[in-house]
Amino acid sequence: MTNPCATHPQRRNPLDHLFQLGWKKNTVLFLEDMATEPHCVARVISVQRNLFLVSNAQEEWLCSAAGKLLHAKNADFPVTGDWVLTHDKHITAVLPRQNMLSRGEAGSHDRHSGIAQKTQPIAANLDTVFIVSGLDRDFNLRRLERYLTLVYNCGINPVIILTKADLQNAPENFQMEVESIAFGVPVILCSAKNMQGKEEVEQYIQRGQTVAMIGSSGAGKSTLANMLYGKDIQITAHVSESVGKGRHTTTHRELLKMPQGGMLIDNPGIREIAFSEGGEGIQRSFEDIEQLAEYCRFADCTHQTEPGCAVLRAVQNGELPVERLESYHKMQRELDYLESRSTKSADRIEKERWKDVALRIKDLKRRRR
């Protein structure tokens, strides 16, 4: 019996239809190395428990995980945005990811450190992440710093979108505040009431581009998706005027094909921005502190009590807000802990590997006697 996924050079199927879903040329090259025909390839549109809605841009169908994927670790399990190989309504493999947006899983905190111990994947293979913040009670610079660090740690480009701009008489002041802590990051003012910012946002969701939105409940993510689509495709709810909090109107992640040609993922609101991995996030989110640190007396200055610290001097002179430095220290402690935990895990794995080798040698010696 022939393998339906085997490659036949004389009749290779075109991949043009997959580019509509964000297919990249480097993925094509990898697929050729795997000797797999394109009709076996699909993208995960949404995940609901153990069922996956997948699409090849021509049709959609439900799949379940097959083989070793059934027992895969959380980070290796198919997520929204993944490119997968399918066969007989089963996902048989996940293709290598361009990147993955993830965070620390809520409810998995270490009792002593208070830091999340498990990774929660959000979406894969993204070109941009929209960090959405409403210009109401949702607006918080410290929270935006955490979002930026999270996105940078995942190796993805952020864009900050400030929704509900119509609620403020001078929304540009909020925009300037954000630009002062988000160096080089596009900051766009949006309003669904007067379509402000629509054209600026649309440039990031052109054909072949995939974008995920993150933000608090009630920040305006679903309203933004509806504005960009041109009609209501996502359910929205009013934000409570008494507490300024929104409800989770988006209950699962779904890859939406937008009329501009790109793909958009609306995510449920995030209550807690916990890190799941380290990276260059803090260096990129706090470029001002990193630049000041170059003038510190000591190369390993922690910017806490050391004499000759340029960062502390900037705080004293009013050049750097003390709240921003405190935010930097808090995130640095969390990321240092994650790095040490990762190192300890690697050491433990290495010890277990050598223990296994030693037991095998011991067993061989016993057999030779």
Side-chain angles (χ1 to χ4, degrees), residues 22 24 75 79-82 97-106 115-116 118-134 138-163 175 177-188 190 197 200-201 203-205 209-217 219-221 224-225 250 253 255 262-290 324 327-328 330-332 334-336 338-339 342:
K24 298 290 191 292
V79 301
T80 302
D82 264 330
R97 292 163 173 151
Q98 173 188 342
N99 51 51
M100 184 172 71
L101 179 64
S102 61
R103 67 176 182 127
E105 185 177 297
I115 295 173
K118 296 180 181 178
T119 297
Q120 180 187 22
I122 297 175
N125 302 308
L126 304 173
D127 295 288
T128 309
V129 171
F130 287 166
I131 300 172
V132 183
S133 174
D138 181 56
F139 184 77
N140 186 304
L141 289 178
R142 304 289 80 84
R143 188 188 299 129
L144 288 174
E145 288 170 347
R146 292 188 69 85
Y147 273 128
L148 283 170
T149 302
L150 177 77
V151 173
Y152 279 136
N153 277 344
C154 297
I156 312 173
N157 295 320
V159 171
I160 296 176
I161 299 181
L162 302 178
T163 60
Q175 185 180 30
E177 276 191 75
V178 176
E179 288 173 344
S180 71
I181 59 107
F183 305 100
V185 177
V187 181
I188 303 173
C190 278
E200 292 179 76
V201 177
Q203 64 180 307
Y204 296 99
I205 50 172
Q209 300 296 301
T210 303
V211 178
M213 294 190 291
I214 58 174
S216 307
S217 296
K221 299 185 298 298
L224 178 62
T250 302
R253 301 173 184 91
L255 198 63
M263 309 293 294
L264 183 68
I265 303 174
D266 188 4
N267 286 288
I270 296 178
R271 289 193 180 96
E272 178 187 349
I273 312 163
F275 303 126
S276 64
E277 59 183 320
E280 298 181 355
I282 199 162
Q283 289 87 355
R284 298 192 65 180
S285 299
F286 292 88
E287 286 186 8
D288 51 347
I289 293 179
E290 292 294 313
R324 181 160 170 79
S327 177
Y328 170 86
K330 186 175 187 297
M331 281 187 261
Q332 188 67 68
E334 293 177 40
L335 294 170
D336 285 345
L338 286 171
E339 184 179 355
S342 175

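A pairwise comparison of heavy atoms in V132 and G220 identifies CG1-C, 4.3 Å as the closest pair. When every heavy atom of N267 is checked against every heavy atom of M213, the shortest pair comes out as ND2-O, 2.8 Å. Contact record, L148 with A182: CD1-CB, 3.7 Å, taken as the closest heavy-atom pair. The heavy-atom pair separating S102 from P121 by the smallest distance is CB-CA, 3.9 Å.
For T128, the side-chain hydrogen bond (donor to acceptor under 3.5 Å, both in side chains) test picks out no residue, with sequence neighbours left out. Residues satisfying the side-chain hydrogen bond (donor to acceptor under 3.5 Å, both in side chains) criterion with E177, sequence neighbours excluded, are absent altogether. Under the side-chain hydrogen bond (donor to acceptor under 3.5 Å, both in side chains) criterion, D336 pairs with Q332, not counting sequence neighbours. Scanning for side chain to side chain contact (heavy atoms under 4.5 Å, CB included) contacts around T80 gives V47, R253, L255, I265, with sequence neighbours left out. Y204 meets the ring-ring contact (aromatic ring centres under 6.0 Å, His included) test with no other residue; sequence neighbours excluded. Applying the side-chain hydrogen bond (donor to acceptor under 3.5 Å, both in side chains) rule to T163 yields no partners; only residues at least two apart in sequence or on another chain are considered. Checked against side chain to side chain contact (heavy atoms under 4.5 Å, CB included), N99 has the following partners two or more places apart in sequence or in another chain: L126, I156. Legend: residues meeting salt bridge (charged side-chain N to carboxylate O under 4.0 Å, His left out) with R143, ordered by chain and number and at least two apart, are D138. Listed by chain and number, the residues in a side chain to side chain contact (heavy atoms under 4.5 Å, CB included) with N153 are T149, F275, L335 (sequence neighbours excluded). Remark: F286 pairs with Y328 by the ring-ring contact (aromatic ring centres under 6.0 Å, His included) rule, at least two apart or across chains.
Counting heavy atoms from C-beta outward, L141 and V178 have side chains that approach closer than 4.5 Å. With a 4.5 Å cut-off on side-chain heavy atoms, I181 and R324 count as touching. Using a 4.5 Å heavy-atom threshold, the side chains of R146 and R142 count as separate. The shortest side-chain heavy-atom distance between V129 and I214 falls under the 4.5 Å cut-off. With a 4.5 Å cut-off on side-chain heavy atoms, P158 and Y152 count as touching. Residues I273 and R103 are not in side-chain contact: their nearest non-hydrogen atoms beyond the backbone lie 4.5 Å or more apart.
Distance CG/L264 to CZ/F130: 7.0 Å, rounded to 0.5 Å. Rounding to the nearest 0.5 angstrom, the gap separating the SG atom in C190 from the CG atom in L224 is 5.5 Å. The CE atom of M331 sits 10.5 Å away from atom CG of L150, with the distance rounded to the nearest 0.5 Å.
Side-chain atoms of N125 come within 3.5 Å of backbone atoms of G81 as a donor-acceptor pair (strictly under, hydrogens ignored). K221 contributes a side-chain N or O that, together with a main-chain N or O of S216, makes up a donor-acceptor pair within less than 3.5 Å. Using modelled atom types, no side-chain atom of Q98 and backbone atom of A124 make a donor-acceptor pair closer than 3.5 Å.
The environment of CD in Q203 is crowded: more than 12 heavy-atom neighbours from other residues, nucleotides or ligands sit within 6.0 Å.
The salt bridge (charged side-chain N to carboxylate O under 4.0 Å, His left out) contacts involving residues 122-132 comprise K24-D127, where partners must be two or more places apart or lie in separate chains.
Side-chain atoms of E145 and S327 form a donor-acceptor pair, as typed in the model, at a separation below 3.5 Å.
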**Request:** Please step through side chain to side chain contact (heavy atoms under 4.5 Å, CB included) for the pair I131 and I161, ending with a clear verdict.
**Result:** CA-CA 6 Å; I131 300 172; I161 299 181; over 6 Å; no

